[in-house]
Structures are given as C-alpha cells and as structure tokens.
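Notes follow once the structure below has been shown.
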There are 4 protein chains.
Amino acid sequence: MTENKKTLLPALRPEVSNRLEKAVMDVFSHSDFHRANIRDVAKAAGVSFTTIYKHFGSKEQLVFTYVNLWLGRLTDRIIDHLQGIEDLKEKLRKVFWLQLDYYERHPYLGRMLFMTLPMATWMADKTFEQKKMVHLYLEVLKKGQEEGILNPRVRSGVLLDIMMGLVQRSFFMWVQRGCKESLAEQSNVLFDMVWRAISVPEKE
Amino acid sequence: MTENKKTLLPALRPEVSNRLEKAVMDVFSHSDFHRANIRDVAKAAGVSFTTIYKHFGSKEQLVFTYVNLWLGRLTDRIIDHLQGIEDLKEKLRKVFWLQLDYYERHPYLGRMLFMTLPMATWMADKTFEQKKMVHLYLEVLKKGQEEGILNPRVRSGVLLDIMMGLVQRSFFMWVQRGCKESLAEQSNVLFDMVWRAISVPEKE
Amino acid sequence: MTENKKTLLPALRPEVSNRLEKAVMDVFSHSDFHRANIRDVAKAAGVSFTTIYKHFGSKEQLVFTYVNLWLGRLTDRIIDHLQGIEDLKEKLRKVFWLQLDYYERHPYLGRMLFMTLPMATWMADKTFEQKKMVHLYLEVLKKGQEEGILNPRVRSGVLLDIMMGLVQRSFFMWVQRGCKESLAEQSNVLFDMVWRAISVPEKE
Amino acid sequence: MTENKKTLLPALRPEVSNRLEKAVMDVFSHSDFHRANIRDVAKAAGVSFTTIYKHFGSKEQLVFTYVNLWLGRLTDRIIDHLQGIEDLKEKLRKVFWLQLDYYERHPYLGRMLFMTLPMATWMADKTFEQKKMVHLYLEVLKKGQEEGILNPRVRSGVLLDIMMGLVQRSFFMWVQRGCKESLAEQSNVLFDMVWRAISVPEKE
DNA sequence: AATGAATGAGGTTTCATTCAT
DNA sequence: TATGAATGAAACCTCATTCAT
C-alpha cells in the first residue's frame, strides 16, 4: 500500500495530502465533474493551485488519483474482513455488505464513482484498484462455480455483474431518495436475492 | 407522444433536428461530457451554435433533451411489445431483452446514459421519460408481488433495481470488453438469474 | 493605409481599437515589457482579455501591432511633409525634425520602440513599417550621394545610422533627464552636426 | 576595482562565478529578457537557482550585475588605452574604436545592453559603470570645447550622444545584417564623420 | 551555504454562454 | 431567425520568487 501510495501520490506532505483529500471529496462529490473547479479545491485545501498541477497534471488525474486511493482502502478492508470466513455464501454476503456499508459511510466515493467520474477517460486510463478488487471477486466466484455451488453456465463475470450492478443501482437510488434509510441495513435482504440469482438452484 | 415531443424539441426544421440528433449522438457518446464541445456538434450538424442555444439553452439541456427523446422511443417500443403478453415472467423477460437489444443497437444512448451524462444535474432536473418507464415497470412488478409471484418482502423498487442494475452493468462491461459478443443474445441467461432473484421461491 | 490597417488589426470596432490603443500606450510604455501585463491592458481598455488574444495571439503581437501602427503614422506624416521640398538638406532637416517632434509628442512610442520592445523577437518578426521608413530615407540619401552632396565613401546605410542613432540616443537621454527641455527645439542644432557628418566637406 | 568587484559580485567561488558569467552571456544574449529563464542559467552554470537568488536577488539584478561587470572591463580597457595619447582627436578616435572593437569581440554584451536589457528598470536602478564611462568621456569632451576644438554651442552631452548613438546603431545594424563584415574595421570611416559633426568647422 | 518544493502571477487556450446585428 | 463576435471562466503551463530543510 505504501508502495502504491508513493506511485499514486508523489511526495506531498501527508498533512497537505489530507487536506487535499478532503477538498477533493467535497468539491467533486457535490457537483458534476465539469462544474467542479480546481481553484476551489486548491482554496479549500489551502494548497496552491500550481502545486496541484505539478503533482497531478490535470483535473481528471486529481480525481482519479483520489478515487483510486479510496477504492484501494475499500479493497484493503475487504481483504481484511474476508480472513477466517470459509463459507462461500458468507464470504459473498460479507463482501456485499462491506460495499454497501463503505459507500454509505463514504457517500462522496459512491457519488464520484457512480455519478461524476468522467467514465470514458477513467476506463481508458486507470482501473488499477478496481482491477484488483475485481480479481479478488472473480477468484472467489470461479471457485464457487467449480465447487458446483454457483451457476456454472455463465462467465464468472456475469455473477459479479449482478452483485456490482445491484450495489451501484442501490447506492444511486439511495442518493436519489435522499439517503434516508440505511443502505447497509438492507444488505441481507438484497444479498438473499443476489444469492438466489447466482447460486445453483437446490435440485435441478 | 407527439404532444410530448413538441415540448421536448422546440420548432426546429425536422431536417435540422435530424442532423442535430446525429451530431449529438456522435459527439457526446464518444467523449466525456466536459470534453465534448458544442461547436463540434454545431459544425457536425451544420447549424450555428447560437441556434442550438436558442433552442436548448445549455449544453446540458441539449444532451438531456435528446437522451429523453431516445429513452422515450425505448419506452414506446416497450409499451408496444408488451401488448398481448399476459404472463408476468414473459413480460419481464421481454422488457429485459428490449433494453439490452435497444442499447446494443443504439450504443450511443447507453454510453451517454451510463457513462457521460452529468448525473447530478440530470437527476435534479429531468427524469421525465425515465420516470415514465419506471412507472411502467413498477406497476407490473407490484402486480406480481400482489399475485404472490414476486418476492413481496421488498419494495418493488428493489426488484427493479436488480433488473436495471444488471442492464446497466452488463452494458458497461460489454463496452469495456469492446462490444464483441451480442448483448441481446445473453438476455435469456441473464434474465433467468434475475428471475430467480425476484420471484418467490418455489415452495416456501 | 486603410488597407494596411486591415491587415494589422482585424475587425475590431474602431471605438474598441481606440481604447485598446490607449491602454497599450499606457501600460507598455510605463514599464518593461515583462512587467506589463495583458490583464491590465484589457481592464484599462474595457475589452475582454479573450478578445485581445483572439485578435493578437500574444503579448508580443499586441505590442508589435500597435508600434507598427504608430510607426506607420509617423511614416505617413513624413511622406506628407516632404512634399514640395526640393533641397536635399532641407528634406533631411525636415525628416530629422519630424522624428524628434513625433517622439516628443508621442513619448510612449519612443519609450516602447527604444526601451521596452523585446528586440530579438521584434527584429525577427516584423519590421514592416520600419522597413518602409528606412527605404524612404535610403532613397533620398543615395540620391544625395549620387549628386555629390553626401559622403559617397560609405554605404548609404551608414549615413542613416548617424541620423537614427542620434534620434534614438537623444530621445533616450531626454527621457533619462526627465523630459524637461523640448526635444524638437534642439532639432536644428543637432541636425547641423549631423549634416556636417554626412555631407561632403566643402572643399576636399 | 577589486573593491568594486566585491560589491558587485558577492562571495561566489570564482569558479562558480565564471560558469555563471558564461551562462548569463549565453542565455540572456540569445533571447529577449522575458523569454530567458533563470533555471536555464542555473542549469548551464551548474548552480542551483536558489543560490543565484541568494546572491543576486532577482533576475534583473543578475543581468545588471554582469552587464556592469562587463562595462567595467570596457571602461578599464579604455582608461588603459588612453594613457599616453595627448591629441584630443586621437583620444576620441581611440575611444570610438575601443567600443566597436569591444562589442564586436563581446557581442553578447552589445546584445544585452542594446537589445534585451529591461531599460526602464535598468535606468532607474543602476548605471554605475555607465556613469563612470560617461564621466570619462564628458571630461574629455568638455576640455575639447574649452580649447575651441569641439563645437562649444551644445551641451557636451550632445557631442557624446552623437558618438554613442552611432556606436549603438552601428552595432544593432551589424547584428541585424548577420555580423558579417568587421565592425571595428569601419571605425575610422565612421569616426571621421563623427569628428566632422562634433569638431569646430575649420574656418568659421 | 545549497537545495528542491511550494507559491503566485500571469501567459496561453479553450469553451460555454451572451450580445448585437 | 440565424449568425459571428465578444465575454468570462477556468484549464493549462511556465516562471520568478520564496520557504523550509
């Protein structure tokens, strides 16, 4: 991780990087990418505009860098929490919950990831952390298919798509409805549906 | 519908409107919103950009207007196709397929809707057609719940989220993988999973 | 001239161009080129910053364009005044006076031309009007040499250098001393010296 | 002189100062002041740019300091060469030649002095060495006027202006024409003209 | 004393949007 | 009504200059 951070965030004093992180959260999660404005970020972070440019090179890279950092933290958290869980279903349930919980507690991340990130560029450019997370899932899902627990007739990617699609859509709708009820609390109900979708029917 | 269109698209000579439609498709589906440029749209459409402003008022409204138009066409098509189908499962299967099929044949719409639209503003502003489509679904889903066919323990919105989440995610991944295999052809496999997720388990 | 102006100054409303002219005078003649700042020019002229860039392309071109315009006016004035003067000496005397007089009444021009213009670029790029003026002089000087009135043993350019060198240096020193005495009033005294320098000695 | 140099050039290891001198020559004589860039100077000199700031305080001071140093060397050379010449005309001829010769052999100095120096600031700030040189000349010229050899009807400054104006203009034109013929070799021809301009006409 | 990082200013570009015709 | 010019904002980029080590 430290390694990773070094690559992503060139030598910025941690204190500065922290202020910048907060500023990016704030500015970019509250308006569409094209309306957010780097000068506001700089002002909010108490960092000079030029410094931001020297370190990130562009408005897009600034956002991408922090989104990657945050996704990295979610990934780390997932890895951490999976330890010691053996049952496949419980693993997936945990992963599903961890995502809803994380996005609920860090709505700026969900907002940016699902609502404001300039996707065309993002997809072309960096999916580092996303890839890591995806690999993590796919391994588990593939094993589940091999063991005859999960539906083997589709690419494991499809199983993932059901989970991820629901996470994204649920978050989006939750925001749309004003973030009222807890997102994470719905995890079990939602996951039960996901599980029925991806698991092999009892006797077929 | 005609009524509706009139509201959406102010008096532009149909020939001009057609050229503009194509231009918007092209320009906005191929790059992120903030990179797409109204002058390019105007040039491609052979209209002066000021004319665009007269009619649409802003870059965002221009895009929103056409996305609404296209979503309206999808909705119309769905309404049309649902005629004469009685079975709930077949209705939903058809709707699911219609979406994948439509986005596959009109990838610019999927690209814009799922990838380049400035969501914060879009959500705040217009979901006309989306709302219409959503109401359409929700009615069907609610009826299904009442009839004991669909899982009654969740808001009907959740059932929708599973479908829509998978549509969006599938489209997104399809683009990501380079639009190789047919999207619509996977409809049945995917829908079977969705159906297991949302229907009431055989004997409970 | 009108022709000329069209080339130099693309369609700017004359009223705007006038305000801009004054602003350039002011801003660029009162500080060194690298300290003068386009945003101040724009503000002083009540023109948008962007408009300046659209029309001139760079800080240098903005200055060069106006300097050329002013030099063009001086050239026009010289051409006008030379009419009807036959005697070579009187022609040159007039030219000499016209320059001192012009720079005295338009010190911003002298300041910019002799003190703040980025010469390396200026020389490489545009000497349109200067060339015109120089040709004007050289013709007269060459004729004087052919007629045996002016020193024939040097390139006519050298004769010019004496005149121009003194004009520039006199202006420079005049500014240095605080623009006290009249510059044009010294014209005759100075010219007599120049004349002795460039004319063929009485009996040699 | 040593005293003087100490004032001008603060304690820099002579080796460093030499490298810096060359770098300043190079960088500032080849482009306009505002395009020349201190980092390039630092790089060329193998010094950190911060060191330059410690010693010179600003880009302008850096240039001014070295120009003064070089002008000082020219002045020293002039003082040296004037020794033992009694005849006024020969003194002035020598001085005139020394300047053309010096600028020809050190074109970077001429370039900087006559073409790239930010004059407004230079004039306001430092003319140390120039003043010294000027005083040197003025003394000689005044004496010539008192002795009835030089035109007594103008300020001695004017006599100087003719010389200096021609030096500057000749250098400038020489550069403009590509530094082809030798500048110093034209000294006599030019000086004869200057002499006619400033001396009292044979019998008047 | 010497250095690299940070800063502020301002040149340069590109746009969305508005104005005037 | 349709258009090109003008505008303001902000991205982008380079530097002189300052700060902190």
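In what follows, chains carry the letters A, B, and so on, assigned in the order in which the sequence lines appear, proteins first and then strands, with residues in each chain numbered from 1.
- C:Val16 comes within 4.0 angstrom of no nucleic acid atom, judged by non-hydrogen atoms across all strands.
- The distance between atom CZ of A:Phe33 and atom P of F:dA10, rounded to the nearest whole Å, is 14 Å.
- One N or O donor and one acceptor, one from the side chain of C:Arg39 and one from the base of E:dT12, sit under 3.5 Å apart.
- Between B:Tyr53 and B:His55, the gap from one ring centroid to the other reaches at least 6.0 Å.
- Note on ring orientation: taking the six-membered ring where Trp is involved, the planes of C:Tyr108 and C:Trp70 are perpendicular (angle over 60°, cut-offs 30° and 60°).
- The phosphate of E:dA6 (OP1 or OP2) has a side-chain N or O of A:His55 nearer than 4.0 angstrom.
- The side chain of D:Lys54 lies closest to F:dA20 when the candidates are F:dA11, E:dG11, F:dA20.
- Dashed line: the shortest gap from a side-chain N or O of A:Thr51 to OP1 or OP2 of E:dA6 is not under 4.0 Å.
- Aromatic ring centres of D:Phe33 and D:Phe28 lie closer together than 6.0 Å.
- For E:dT14, the OP1/OP2 oxygens have no side-chain nitrogen or oxygen of C:Thr50 closer than 4.0 Å.
- Of the two residues contacting DNA chain F, namely D:Arg35 and A:Ile38, the nearest-nucleotide position lying further toward the 5' end is that of A:Ile38.
- For the OP1/OP2 pair of F:dC13 and a distance below 4.0 Å, the side-chain nitrogens and oxygens of A:Tyr53 include no atom meeting the criterion.
- Residue A:Ser58 places its side chain closer to F:dC12 than to any other of F:dT17, E:dA2, F:dC12.
- Closest approach of B:Arg19 and B:Gly46 over heavy atoms only: NH2-O, 3.6 Å.
- Each of A:Ala36 and B:Phe49 lies near DNA chain F, and the nucleotide nearest B:Phe49 is the one positioned closer to the 5' end.
- Salt bridge status for B:Lys22 with B:Glu15: absent, with no side-chain N to carboxylate O gap under 4.0 Å.
- A donor-acceptor contact under 3.5 angstrom links the side chains of A:Asp32 and B:Thr121, judged on distance only.
- Protein atom NE2 of D:His34 is 15 Å distant from nucleotide atom C1' of E:dA9, rounded to whole Å.
- For the pair C:Gly57 and B:Gly57, nearest-nucleotide mapping onto DNA chain E gives the more 5' position to C:Gly57.
- Side-chain atoms of B:Gln130 and B:Asn68 form no donor-acceptor pair, as typed in the model, at a separation below 3.5 Å.
- Regarding contacts with the backbone of E:dT14, every side-chain N or O of B:Asn37 stays at 4.0 angstrom or more from both OP1 and OP2.
- Bending across the helix from E:dA2-F:dT21 to E:dT21-F:dA2, expressed as the angle between its end axes from five pairs apiece, amounts to 20° (10° rounding).
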